[in-house]
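Taking it in order: structure first as structure tokens, then the write-up.
Atoms considered below: every heavy atom in the structure, side chains included; atoms not considered: hydrogens, waters and symmetry mates. Computed from a predicted structure; not experimentally measured.
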There are 2 protein chains.
Amino acid sequence: MILSTKGRYGVKAAFDLALRFGEGPVPLKNIAERQNISDPYLEQIIAVLRKDGLVSSVRGAQGGYFLSKDPKRITVGDIIRSLEGPLAPSECVLDDQDNECIRADYCVTRIIWEKIKESIDDVINSISLQDMVDDYKRIGNNYLDTKGEDNSDQTSIS
Amino acid sequence: MILSTKGRYGVKAAFDLALRFGEGPVPLKNIAERQNISDPYLEQIIAVLRKDGLVSSVRGAQGGYFLSKDPKRITVGDIIRSLEGPLAPSECVLDDQDNECIRADYCVTRIIWEKIKESIDDVINSISLQDMVDDYKRIGNNYLDTKGEDNSDQTSIS
DNA sequence: GGAATTCCTACTAAATAACTAGGGATTAGG
DNA sequence: CCTAATCCCTAGTTATTTAGTAGGAATTCC
């Protein structure tokens, strides 16, 4: 799997927050329940997003989390990179210069790794959280609107 | 890293064989030396490619490996899928139907995983081993033509 | 004050990655 | 037929990562 549960859960949690953007802080417990993730594990995940400035928090009772910016201005790539680091197929196409391999100019396989990386980045950078919300509303489903009264088979981890 | 060393070494080895396609069996030792991979580890990798019918072998002295098909007809995707399995970002977009998640129709994140998978597949399926050989010759380098006499700094793992 | 919440650190079991080790089977060439 | 070169196969090993769990301290609303 290219993405670990961290990245996948992170995107789901971010989407959950995007759906409720502007409605005040959302308790982690609610997100975890709706997205079917264990509370303390999601806690760790969301802590990373917070440190990277993507999510903000309010402590104490009635507290919770919310997106730091408008969902239009946060991409899926922002979330994934925060949690997984850059999605490079190989070390030699990471963005930092320390990983420049010696034969970069000559390396034939490197050309391929670069193409893969570019195509992934194109996809994840082009999708904002707002796009996900729009998709969700367009599809017209409401499986997350029912607040806990019908979570019988929320087994989809995706 | 999206690709493990298996996939990366596999592509390098396959490229090495493509460069020498039609010249008879190439001993694994030579490939390992040129590509800077440990012999027994490369052995395991190439065994998988052989089982998947991408590479053939001749046993005994003067034996070795060669591509089962013309390099034009083997893609980088064939090699990678053989060694790494399908490059899916998440379970729910694997090709086999067992992994269909229950809420597939509704799952918003799934749309993203599908787009990522498609874009990766597009890239790796569109590049043949012959394309790599052509690239290599076009660039005009020859760092692998010197048969072992100058392998001082072959540290590029890429 | 008490309940709800975030915040933080440490631990752990299982899986995976990236090899290494050792030897058996096969074949070309002398 | 002998020997060296080579493929073939199984098993072990070490380190890292993954996917959590455990427990409690700090903060804030009511």
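B:Asp121 meets the salt bridge (Lys or Arg N to Asp or Glu O under 4.0 Å) test with B:Lys117; sequence neighbours excluded. A:Gln130 is linked by a side chain to side chain contact (heavy atoms under 4.5 Å, CB included) to A:Pro71, A:Lys72, A:Ser128, A:Val133, A:Asp134, counting only residues two or more places apart in sequence or in another chain. A search for side chain to side chain contact (heavy atoms under 4.5 Å, CB included) contacts involving B:Lys69 returns B:Arg73, B:Ile74, not counting sequence neighbours. Among residues two or more places apart in sequence or in another chain, the side chain to side chain contact (heavy atoms under 4.5 Å, CB included) test is passed with A:Val58 by A:Pro25, A:Phe66.
Residues from residues 49-60 of chain A placing a heavy atom under 4.0 Å of any atom in DNA chain C, listed by number, are A:Arg50, A:Ser57, A:Val58, A:Arg59, A:Gly60. Across residues 39-48 of chain B, B:Glu43, B:Gln44 each have a non-hydrogen atom less than 4.0 Å from an atom of DNA chain D (numbered order). Scanning residues 76-85 of chain B for heavy-atom distances under 4.0 Å to DNA chain D yields an empty list.
If you check C:dC7, D:dG20, D:dA5 against the side chain of B:Ala61, the one that comes closest is D:dA5. Side-chain proximity of A:Gln62 to D:dC30, C:dC19, C:dT6: nearest is D:dC30.
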Could you go through the side chain to side chain contact (heavy atoms under 4.5 Å, CB included) check for A:Asp131 and A:Thr75 one step at a time? CA-CA 9 Å; A:Asp131 292 334; A:Thr75 69; over 6 Å; no
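Residue B:Thr5 places no side-chain N or O under 4.0 Å from the OP1 or OP2 atom of C:dA17.
Contact of the B:Val26 side chain with the B:Tyr65 side chain is not registered, since no non-hydrogen atoms from C-beta on lie closer than 4.5 Å.
One interatomic measurement links the two molecules: CD1 of B:Ile37 to C1' of C:dT20, which rounds to 16 Å at whole-angstrom precision. Counting to the nearest Å, the P atom of C:dA17 and the CE atom of B:Met1 are 13 Å from each other.
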Please report, to 0.1 Å, the donor-acceptor pairs under 3.5 Å made by any side chain of residues 46-57 of chain A, with sequence neighbours excluded.
| residue | atom | partner | partner atom | Å |
| --- | --- | --- | --- | --- |
| A:Asp52 | OD2 | A:Ser82 | OG | 2.6 |
| A:Ser56 | OG | A:Ser68 | OG | 2.8 |

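Salt bridge absent: B:Lys29 and B:Glu33 never bring a charged side-chain N and a carboxylate O closer than 4.0 Å. Taking a cutoff of 4.0 Å between a charged side-chain nitrogen and a carboxylate oxygen, B:Arg20 and B:Asp16 qualify as a salt bridge.
Among residue pairs with one or both ends in residues 75-87 of chain B, those qualifying as salt bridge (Lys or Arg N to Asp or Glu O under 4.0 Å) are B:Asp78-B:Arg81; sequence neighbours excluded.
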